[in-house]
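Right, one structure below, let's go through it.
We're numbering straight along the sequence, starting at 1.
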Amino acid sequence: MVMFSNGFSTLQMPNDFNQIPPKDEFTDLYLVNTKIPMSIKFSTTPTLSGLPEIMEGIEDNLKGNDKIEIINSDFIVINGNIYYVIISSFSDGENEIRRNEFLYVEDNNLYIFEYTYPYADRELDDFYLDIIRSLKIVVPKYIVENGGYRLNKDD
């Protein structure tokens, strides 16, 4: 695996994935593998919410969408930290797509790992968890203050 670093966090990138330039300020890393096919997205966003509030908001949003089925929604421990995991499936009209999301909050920053791939029954837990376990937070990416947020950089 190759290491990814943006100055705020580092993690291991799996081999055989191509890095795609992010399309928004919150996406830190977007990888695709067309052979599997699978995409991996790692994002950081500022937040004042805890995981229970984030879980409630996500579940409320998804329950309103009849094209998305929640397969599992729970809290798990990874490297001694509590993550919220939500596994869902949806159809794009031709394919059943599975999305596994792992969310973690530290220092008012929400770290999101999103894995999307065509629905399959193969077990990928170690694949996901190895990437998540490799996460090292150097410093929080965002400083949340005065009702807003700013990038954590030397001014």
Side-chain angles (χ1 to χ4, degrees), residues 1-47 49 51 53-79 81-106 108-142 149 151-152:
M1 291 195 174
V2 177
M3 291 302 290
F4 161 80
S5 178
N6 63 0
F8 303 105
S9 55
T10 63
L11 56 91
Q12 291 181 346
M13 299 186 305
N15 296 327
D16 302 325
F17 278 75
N18 296 316
Q19 191 168 346
I20 306 295
K23 296 187 182 203
D24 63 67
E25 73 172 296
F26 301 117
T27 301
D28 296 304
L29 179 65
Y30 188 70
L31 303 170
V32 295
N33 182 327
T34 56
K35 295 175 189 164
I36 297 179
M38 175 186 257
S39 68
I40 301 170
K41 182 177 172 182
F42 172 67
S43 305
T44 308
T45 64
T47 187
S49 299
L51 287 179
E53 295 87 4
I54 292 168
M55 177 185 87
E56 185 177 318
I58 289 173
E59 287 182 358
D60 287 347
N61 284 337
L62 293 182
K63 285 178 185 170
N65 189 333
D66 60 352
K67 295 182 180 180
I68 298 176
E69 175 189 356
I70 297 174
I71 297 168
N72 187 19
S73 174
D74 206 351
F75 296 101
I76 62 171
V77 176
I78 303 173
N79 285 355
N81 298 313
I82 297 175
Y83 279 74
Y84 166 58
V85 61
I86 182 159
I87 300 170
S88 60
S89 68
F90 60 94
S91 175
D92 66 2
E94 295 180 19
N95 301 302
E96 284 291 318
I97 307 294
R98 177 117 171 209
R99 180 171 50 215
N100 295 11
E101 295 176 84
F102 298 82
L103 298 91
Y104 171 65
V105 174
E106 182 177 310
N108 296 328
N109 282 243
L110 171 63
Y111 300 90
I112 307 166
F113 292 88
E114 180 183 309
Y115 304 88
T116 307
Y117 57 97
Y119 192 84
D121 288 331
R122 61 190 166 146
E123 194 61 45
L124 293 170
D125 287 349
D126 285 335
F127 178 80
Y128 305 136
L129 294 176
D130 285 347
I131 296 169
I132 295 168
R133 285 181 188 124
S134 76
L135 175 65
K136 302 289 183 250
I137 300 167
V138 179
V139 295
K141 183 175 180 181
Y142 297 104
Y149 69 91
L151 195 59
N152 185 7

Step by step, would you call Phe127 with Ile40 a side chain to side chain contact (heavy atoms under 4.5 Å, CB included)?
CA-CA 11 Å; Phe127 178 80; Ile40 301 170; 3.9 Å; yes
Can you tell me how far the OH atom of Tyr115 sits from the CD1 atom of Ile36, to the nearest 0.5 Å?
12.0 Å
Is it the case that over 12 heavy atoms from other parts of the model lie below 6.0 angstrom from the CD1 atom of Ile70?
yes
Which pair of heavy atoms, one from Gln12 and one from Ile131, lies closest together, and at what distance?
O-CG2, 3.7 Å
Closest approach of Pro37 to Pro118 (non-hydrogen atoms, all atoms of both residues):
O-CD, 3.0 Å
Output for pair (Ile137 CD1, Leu11 CG), nearest 0.5 Å, gives 10.5 Å
Hey, are the side chains of Tyr84 and Ile58 touching, using non-hydrogen atoms and a 4.5 Å cut-off?
yes
Student check: side-chain heavy atoms of Met55 and Ser73 closer than 4.5 Å:
yes
Asp16 side, atom CG; Met38 side, atom CE - distance, nearest 0.5 Å
12.5 Å
Which value, rounded to the nearest 0.5 Å, describes the distance between Ser91 atom OG and Glu69 atom CD?
11.5 Å
Check whether any side-chain heavy atom of Tyr142 sits under 4.5 Å from a side-chain heavy atom of Phe8, and report yes or no.
no
Applying side chain to side chain donor-acceptor pair (under 3.5 Å) to Ser43 and Tyr30, what does each step give before you reach the verdict?
CA-CA 9 Å; Ser43 305; Tyr30 188 70; over 6 Å; no
Could Arg133 and Asp130 be called an ion pair, given the rule that one side-chain N must be under 4.0 Å from one carboxylate O?
yes
Quiz question: by atom type and distance under 3.5 Å, do the side chains of Thr44 and Asn109 form a donor-acceptor pair?
no
Can you tell me how far CD1 of Ile82 sits from CG of Leu51, rounded to the nearest 0.5 angstrom?
7.5 Å
The test is side chain to side chain contact (heavy atoms under 4.5 Å, CB included); show your working for Ile71 and Arg98 and say whether it passes.
CA-CA 9 Å; Ile71 297 168; Arg98 177 117 171 209; 4.1 Å; yes
Aromatic plane relationship, Phe42 with Phe4 - under 30° parallel, 30 to 60° tilted, over 60° perpendicular:
perpendicular
Is the number of heavy atoms from other residues, nucleotides or ligands under 6.0 Å of Glu56 CD greater than 12?
no
Rounded to the nearest 0.5 Å, how far does CD1 of Ile54 lie from CD of Glu101?
11.5 Å
Indicate the atoms forming the closest heavy-atom contact of Gln19 with Leu31, along with that distance.
CA-CD2, 3.7 Å
A side-chain contact here means heavy atoms from C-beta on lying under 4.5 Å apart; do Thr45 and Tyr149 qualify?
no
I need the minimum non-hydrogen distance between Ile68 and Ser88, along with the two atoms involved.
CG2-CB, 3.9 Å
Can you label the angle between the Tyr83 ring and the Phe113 ring as parallel, tilted or perpendicular, going by 30° and 60°?
tilted
Can you name the nearest heavy-atom pair linking Ser9 to Leu135, along with the distance?
CB-CD1, 3.9 Å
Pair Val105-Leu103, side chain to side chain contact (heavy atoms under 4.5 Å, CB included): steps then yes or no
CA-CA 7 Å; Val105 174; Leu103 298 91; over 6 Å; no
Atom of Thr27, atom of Asp24 and distance for their closest heavy-atom approach
N-OD1, 2.8 Å
